[in-house]
Structures are given as structure tokens and as C-alpha cells.
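Data block below; observations after.
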Amino acid sequence: MRPKTLFDKIWNKHIVHEEEGKPTLLYVDLHLVHEVTSPQAFEGLREAGRRIRRTDKTFATMDHNVPTLDRHNIKDPISLQQIETLASNCKEFGVELFDLASPYQGIVHVIGPEQGLTRPGSTIVCGDSHTSTHGAFGALAFGIGTSEVEHVMSTQCLWQNKPKTFEVRVGGKRPQGVTAKDIILSIIGTIGTAGATGYVIEYTGETIRSLSMEQRMTICNMSIEGGARAGMISPDKTTIDYLIDKPRIKSEENLDNLTKEWLKLASDEGATFDETLILDASKIAPQVSWGTSPGMVTGIKDKVPNPKEIEDPVKRKSIEDALNYMGLKADTPIEDIKIDTVFIGSCTNGRIEDLIAASKIIKGNKVSSRVKAIVVPGSQVVKYQAEKLGIDKIFKDAGFEWRESGCSMCLAMNPDKLSPGERAASTSNRNFEGRQGKGGRTHLVSPTMAAAAAIKGRFTDIRSYDIDLGEY
Amino acid sequence: MEKFNTVISRPAPLDSSNVDTDQIIPKQFLKRIERTGFGEFLFFDWRFNDDGTINNKFILNEKRFKDSEILLSQENFGCGSSREHAPWALRDYGFKVIISTSFADILFNNCFKNCILPVVVNEKELNYFFNSTLNLEDYELEVDLQNMVLSDNKGFSQNLDVDPYRRKCLLEGLDDIALTLIHEEKITMYENALSN
Ligand code: SF4
């Protein structure tokens with residue numbers, strides 16, 4: 001038999017209906033719902049008198065609007081309305097909800113894996129582009145719009161044109177301090193923000209294999225920033241070890257068989273992809289974004305680019321616009337950029353390993369007097385784990401604010417926002433204009449780079465630190 | 001869904017690449033729980049100054065582009081989030097067609113579900129449209145989905161390339177869910193096989 005990719009295997013298994021010249025009707029195994037992209041879908045169901053076909057495959061959480069200081073006191077009336085609307089919709093339609101009182105509440109892409117809802121071989125959708133995160137487990141996971149949310153609710157299926165496949169193979173040893181975040185930023189810097197449009201990426205190679213599940217999630221999370229429909233990694237022992245004790249998995253009767261099936265999903269030896277990119281991790285430096293799209297990124301020892309050196313007029317203009325917005329001069333060394341704010345959190349880098357690594361950099365130091373720094377755990381479970389390990393104390397002693405879980409300053413729909421002109425080192429995934437608050441300036445970095453920047457008040461090369469970060 | 005009819009309009013030239021969904025509709029406007037009323041917030045941070053007054057320097061605020069139903073933009077239009085608020089805002093504002101050299105995947109999909117036709121052209125054609133609409137007095141483009149023709153009133157004409165299934169859905173204003181439920185039996189069969 002022809003060798004198959006992980007993607008092929010999952011796709012083929014989920015075809016409900018196929019016709020020449022039409023999209024394929026695919027079955028959806030898991031539908032995750034949050035408060036921002038669902039109200040209009042529930043409304044549509046109500047208008048048409050439809051129900052949710054499989055409430056057992058539908059789960060909801062509140063994350064985007066949630067305040068991180070006093071979560072039970074939502075001052076913005078419209079945020080409150082969205083949160084309340086989700087609660088009443090879930091009740092009306094019989095959907096299990098991780099609400100603000102739940103110890104398992106958190107960012108939708110953090111709690112899926114944490115609760116064991118995310119499984120290898122499954123198709124997972126959510127009205128949120130970073131659904132690609134779940135691909136780290138060898139699932140086909142992607143973001144959808146609200147019309148599609150409604151469609152999945154009522155049919156448990158989705159029409160999809162078959163994407164092409166893109167292998168991103170990463171080999172070589174990561175230097176100490178170079179994290180999964182730096183790998184994915186450097187991939188996006190290489191292929192551009194539209195480089196993988198129309199493709200599903202599978203990340204392969206020894207470097208990817210050596211990453212923990214949390215780091216793999218960081219990589220898959222940002223696939224969408226390279227334009228990809230989804231990102232995925234073949235399941236292996238690391239995947240199984242992570243999943244085996246998760247709440248919704250550990251009680252499975254046939255766990256042994258299940259895990260054997262999962263391992264078989266890995267791309268076959270010799271399977272071919274439509275496109276391939278090969279990267280050497282040993283050559284990657286810690287990355288810092290300087291512009292207003294995640295592809296505008298460079299190494300810590302580099303400089304802000306000079307638009308005058310760019311020939312292509314469209315590219316030149318976009319660099320000029322970006323520098324203008326970011327308030328940066330061409331040719332400024334990245335290490336000379338001073339920052340006002342540090343945000344550690346989000347579905348990209350708000351998991352326990354991220355917080356542990358950042359805390360190692362922080363320990364015994366003080367946040368620079370010019371910097372306001374906050375940590376927002378990705379979920380209540382992460383927050384609890386961290387507090388059990390005493391990490392919250394390390395952050396607080398250094399002058400960080402320790403918050404409740406949620407999306408927070410990743411997109412600033414809650415009160416955590418940048419002011420116009422304020423400059424942030426952020427572990428999130430998007431540096432678009434106004435993303436973290438109107439006029440706010442975002443530099444995307446890894447958690448350890450963000451931690452070091454908090455102490456110094458400017459960007460600095462984490463590789464020069466003599467701190468053992470283990471496998472992080 | 002509403003049906004897609006032929007569009008004739010002077011195109012509005014938005015000369016930016018990688019226009020992302022945070023620009024199309026800034027997130028402070030995502031909090032409504034209806035599908036309507038997003039048009040007034042389209043490109044909010046560009047259309048309005050910090051004090052709330054109209055930014056006269058922004059191209060869409062020029063009188064001649066005020067009633068445009070066609071938007072021109074540079075490569076990778078609509079990158080970023082999956083929020084359908086972006087096409088809701090575009091459509092509510094009055095855009096029925098968006099022309100670019102490339103689109104982000106999710107937005108491209110979302111357009112079809114909201115009666116917007118995204119049209120991919122090459123760089124040369126896009127430059128020609130930009131120049132024409134900026135410099136020619138009475139310039140208009142015509143998008144005829146029925147006959148699959150993209151033409152202007154200066155002699156340019158070429159065939160549109162649209163997925164036939166999507167074309168049909170747009171022209172007939174078909175409801176996706178109703179279409180899918182034709183296959184309900186197959187969905188049930190699939191589910192039965194799963195649980196065995
Ligand atoms: S943390 Fe940011 S990227 Fe992730 S789901 Fe929340 S808003 Fe989206």
C-alpha cells in the first residue's frame with residue numbers, strides 16, 4: 001500500500017460524503033465553543049428550530065472576555081452579556097460548560113488537551129483560529145467561522161476542500177534558550193504569513209520529536225500565523241505519556257488498544273508531501289518580532305530592518321508602515337529596544353512548563369522599575385499547579401502580577417490592555433496593529449525572553465544566561 | 001441567505017498588504033451577540049481619528065469611494081482570526097466583492113457564507129485596477145457571477161474563476177445547513193459505524 005501521511009489517514013477516516021468537483025463532507029469529533037464566536041450560531045439554531053446534533057461532542061468555555069483580577073465582577077456590560085448569553089445558551093441546548101466557577105475553566109485550547117478532550121486521530125473544530133494547537137496530538141484541528149459553528153452544531157459535519165500537505169522538517173540541536181516559540185517564529189519568518197495558505201503543515205524531524213507536548217502545542221498553535229489551515233505532529237510515546245492520565249482518558253476501558261491505534265496514525269515512512277521545508281534548529285537564535293505581523297521577526301542579535309534596502313515596493317511599504325506604527329527606527333539593534341510591559345500567558349505560552357521556565361529566569365531578580373509585568377495562566381488548572389509548586393511566589397516576589405486564567409492581554413477584550421504607544425514583550429501569537437489595545441506595540445517572544453526583558457527593561461539575549469532550563 | 005447579483009461599482013483601493021481581521025473589525029466591537037450592525041465599525045482605527053472624528057486621509061473616506069461595493073486590497077487579505085465579524089462588517093458596510101492577489105484561508109471561506117465574492121487576480125491586473133480607479137474619472141468594474149465575467153468600462157474583460165459549487169450557492173442564496181441535511185442518512189450511518 002502507498003505510504004500515507006497522518007493527514008491522509010485522518011481525512012480518509014472522516015469522509016461522510018464525497019462528490020466529484022465539490023467539497024467533502026467531513027465528520028467532526030470534537031466541537032469546542034466559546035463566548036465570542038457562538039452567540040450568533042445559537043441564535044441561528046433557535047430561529048430555524050434546530051437542535052445540537054451531538055451534545056456529547058460539544059464543549060464550551062468562557063475565556064476571551066474574562067477579567068483576570070476579579071473574575072466574578074465583570075464591569076463591562078457587553079462582556080457580561082456575552083458571558084451570560086453563553087451560559088444560558090449552553091443550558092438551553094444541553095452543552096457542557098466550563099464556566100467561571102469551574103476549577104477546569106481556561107483558554108479553550110489549553111483546557112481541551114488538559115481535560116483529555118483532545119485525542120489523536122480526531123477532527124476538532126472551534127470558532128477560533130488557534131484551534132490548530134490541538135494538532136500537536138496528531139489531530140486535524142482547525143478554526144471555523146460562526147456560520148460553520150452553527151453548521152457543525154446542527155449536522156456534526158463540515159464541508160471542506162481538501163488542503164494540500166506541507167512538511168516542515170526541523171533537525172539539529174536547539175541551543176540552550178532557543179524554545180519552541182523561537183522555532184515557530186523563525187518558520188513563519190521564513191515562509192511568510194501566507195506561506196502555507198491552502199496547506200496543512202506536519203512538523204517532523206528529530207528536533208520536533210524531542211519536544212514536550214506543551215512545546216509541540218506552541219508550534220502547532222502558530223501554524224495559522226503562517227497561513228496554514230492546520231498544523232499537526234504525528235503521535236508518539238510523548239503524546240501517549242501526556243494523555244494517559246488526563247481526566248477524560250484515564251477511565252477508558254480499552255486504553256491499551258486505544259493507544260496502539262493512536263501510534264499507528266503517525267505518517268508512514270516514505271509518505272510524500274506536496275511541499276517541504278527543511279530547517280536547522282542549531283542555527284536559530286531567540287526571536288523577537290519587530291513589526292505588525294508575525295512574519296516580521298528576527299534574531300535577538302539582529303537589527304530592525306531598513307525599508308530602503310527592500311526593492312519590492314509592496315514589501316517596502318509594509319515595512320515602512322510597520323516601523324511607523326511600532327515607533328521604531330530602521331537599523332536599531334533589537335537589544336536596544338526598551339519595553340514598558342511584559343505579558344506572559346495565552347494559548348501559545350500559558351502552560352505550566354512555560355511558567356516554570358520563565359520563573360527560573362525571574363527567581364531572585366526584580367522586574368525593572370520601568371516595566372509593568374503580568375502572568376496570566378492559561379487555565380485554572382495551570383494556575384493551581386503553579387501555586388502548588390510555589391511559582392506564583394517567585395513571580396510575585398519579583399514584582400509580577402499574578403492573575404486568574406483567560407485570554408487576557410493576548411487580544412485585550414477584557415480590561416488588560418496596552419495604552420497607545422505602550423510597548424510590550426508578549427508571549428502571545430499576534431502583533432497586529434491594535435491587537436493588545438489601540439495604538440499598543442507588541443513584540444512577540446518566548447516566555448524566557450519575556451522574563452529576561454522584564455528584568456532588564458529591554459530585550460536581551462537569553463543564551464548568555466547561565467541557568468539550567470532543562471529540556472525547555 | 002441573500003442571492004448574489006451582478007455588481008457594478010467603482011472599486012475602493014485599499015493599498016495595504018496583510019490586512020488582518022483585527023484591522024477589519026477591531027476586537028472591542030466583537031461583543032455584540034447579533035450578526036448585524038458591524039458595518040459602522042469596519043476599519044474603525046483607520047476610518048476614525050483618536051478623538052472620534054473622521055480621518056479624511058483614509059482612502060475609503062474619499063467621497064468618490066464612499067459607495068463602493070468592490071474593495072481592492074494587496075496580498076493576503078484577511079489574515080488573522082476566524083471571526084466571522086470581519087465579513088459581517090465588510091458586507092454590512094456595503095462591500096459585495098473583494099479583489100486581491102491572495103486571501104487568508106478562513107476569511108476566504110467565510111466570505112462565501114455571507115454573500116461576498118472574493119476574487120483572486122494577478123499582480124498586473126490588480127495594479128491596473130488600482131491605477132484605473134485612482135486616476136480615471138468614471139471608472140467602474142463589473143462582476144457578473146452568472147456569466148463568470150470580470151470587466152470594466154474601459155475595455156478590460158476576463159473570465160472569473162469560481163468553484164462551481166460555491167458559485168451555485170451564492171447565486172441561489174442556498175442555506176448550507178439545509179444542503180447538508182440532504183445527506184442526513186449518511187451522517188447517521190457514519191455515526192452508527194463509529195459506535196460499533
Ligand atoms: S489566548 Fe489569544 S489566541 Fe488564544 S484563544 Fe485566547 S485570544 Fe485567541
Side-chain angles (χ1 to χ4, degrees), chain A residues 16-17 21-23 25 27 36-37 39-40 43 48 50 53-54 64-65 76 78-79 81-82 85 127-129 131 142-148 150-151 154-157 159 161 193-194 197-198 224 227-229 292-293 295 314-315 317-318 321 411-413 420 430 432-435 438-439, chain B residues 1 15-18 20-23 26-28 30-36 44-46 50 74-76 79-88 101-110 112-114 123 163-166 175-184 186-187 189-191 194:
Chain A
V16 173
H17 177 77
K22 282 193 187 179
L25 192 61
Y27 196 76
V36 179
T37 54
Q40 294 86 355
E43 189 57 32
R50 292 177 175 133
R53 185 177 176 91
R54 295 297 297 263
H64 284 64
N65 276 291
D76 177 348
I78 318 181
S79 284
Q81 187 191 25
Q82 264 192 355
T85 304
D128 188 286
S129 53
T131 309
F142 50 89
I144 56 178
T146 299
S147 300
E148 291 172 313
E150 184 181 337
H151 188 275
S154 44
T155 65
Q156 204 57 36
C157 294
W159 294 101
N161 285 312
T193 49
T197 302
I224 181 78
R229 192 95 181 94
T292 52
S293 96
V314 175
K315 277 219 179 79
K317 178 166 182 299
S318 78
D321 289 351
L411 95 164
M413 270 184 87
R430 284 192 178 138
F432 297 155
E433 284 184 24
R435 170 80 175 181
K438 188 170 174 172
Chain B
M1 197 174 77
D15 189 16
S16 300
S17 48
N18 299 310
D20 59 71
T21 47
D22 281 81
Q23 246 82 66
K27 74 242 147 209
Q28 66 265 38
L30 301 186
K31 293 182 183 170
R32 302 170 65 91
I33 55 169
E34 303 88 22
R35 279 174 206 257
T36 51
F44 192 85
D45 291 349
W46 289 342
D50 288 351
Q74 300 290 356
E75 64 186 0
N76 198 26
C79 56
S81 88
S82 66
R83 63 184 70 151
E84 205 157 314
H85 310 68
W88 292 337
T101 48
S102 61
F103 290 84
D105 216 25
I106 304 181
L107 181 105
F108 190 79
N109 260 324
N110 281 342
F112 286 99
K113 310 216 177 303
N114 292 283
E123 218 178 300
D163 179 287
Y165 175 74
R166 289 181 144 152
D175 169 0
D176 247 14
I177 295 178
L179 270 177
T180 304
L181 290 176
I182 298 174
H183 305 288
E184 177 150 27
K186 279 195 136 171
I187 303 176
M189 268 164 52
Y190 182 92
E191 285 176 333
L194 262 193

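In what follows, every chain begins at residue 1, and chains take the letters A, B, ... in the order their sequences are listed.
- Between the side chains of B:Ser16 and A:Asp321, no donor-acceptor pair of N or O atoms lies under 3.5 Å.
- The shortest non-hydrogen separation linking B:Ser82 to A:Ser129 is OG-N, 3.4 Å.
- Considering only residues two or more places apart in sequence or on other chains, B:Asp22 meets the salt bridge (Lys or Arg N to Asp or Glu O under 4.0 Å) condition with A:Arg435, B:Arg83.
- B:Asn18 and A:Ser293 form no side-chain donor-acceptor contact under 3.5 Å, judged by distance and modelled atom types alone.
- Both the backbone and the side chain of A:Ser79 come within less than 4.5 Å of a heavy atom of chain B.
- With a 4.5 Å cut-off on non-hydrogen atoms, A:Thr146 touches chain B through its backbone and its side chain both.
- Judged by distance alone, the side chain of B:Lys31 and the main-chain N or O of A:Met413 form a donor-acceptor pair under 3.5 Å.
- Of the residues considered (B:Ala178, B:Gly80, B:Pro26, B:Ala86), B:Gly80 shows the highest number of contacts with chain A, using heavy-atom pairs under 4.5 Å.
- Proximity of A:His17 to B:Ile187: side-chain heavy atoms (C-beta onward) are nowhere separated by under 4.5 Å.
- Residue A:Ile224 touches chain B through its side chain alone, counting heavy-atom pairs closer than 4.5 Å.
- The candidate with the highest count of non-hydrogen atom pairs below 4.5 Å against chain A, out of B:Arg32, B:Gln28, B:Glu123, is B:Arg32.
- Contact tally against chain A (heavy-atom pairs below 4.5 Å) for B:Glu191, B:Gln23, B:Lys113: the top residue is B:Glu191.
- There is no contact between A:Ala228 and chain B, counting heavy-atom distances below 4.5 Å.
- For the set B:Leu179, B:Leu181, B:Asp105, B:Leu107, the count of heavy-atom pairs under 4.5 angstrom toward chain A peaks at B:Asp105.
- A perpendicular orientation is assigned to the rings of B:His183 and A:Trp159, their planes being inclined by more than 60° (bins at 30° and 60°).
- Interface remark: A:Leu411 contributes backbone and side-chain atoms alike to the contact with chain B (heavy atom separation under 4.5 Å).
- A:Tyr27 is linked by a ring pair (Phe, Tyr, Trp, His ring centres under 6.0 Å) to B:Tyr190, counting only residues two or more places apart in sequence or in another chain.
- Considering only heavy atoms from C-beta on, A:Glu433 stays 4.5 Å or farther from B:Asp20 through its side chain.
- From B:Ile106, atom CD1 reaches atom CZ of A:Arg229 across 5.5 Å, with rounding to the nearest 0.5 Å.
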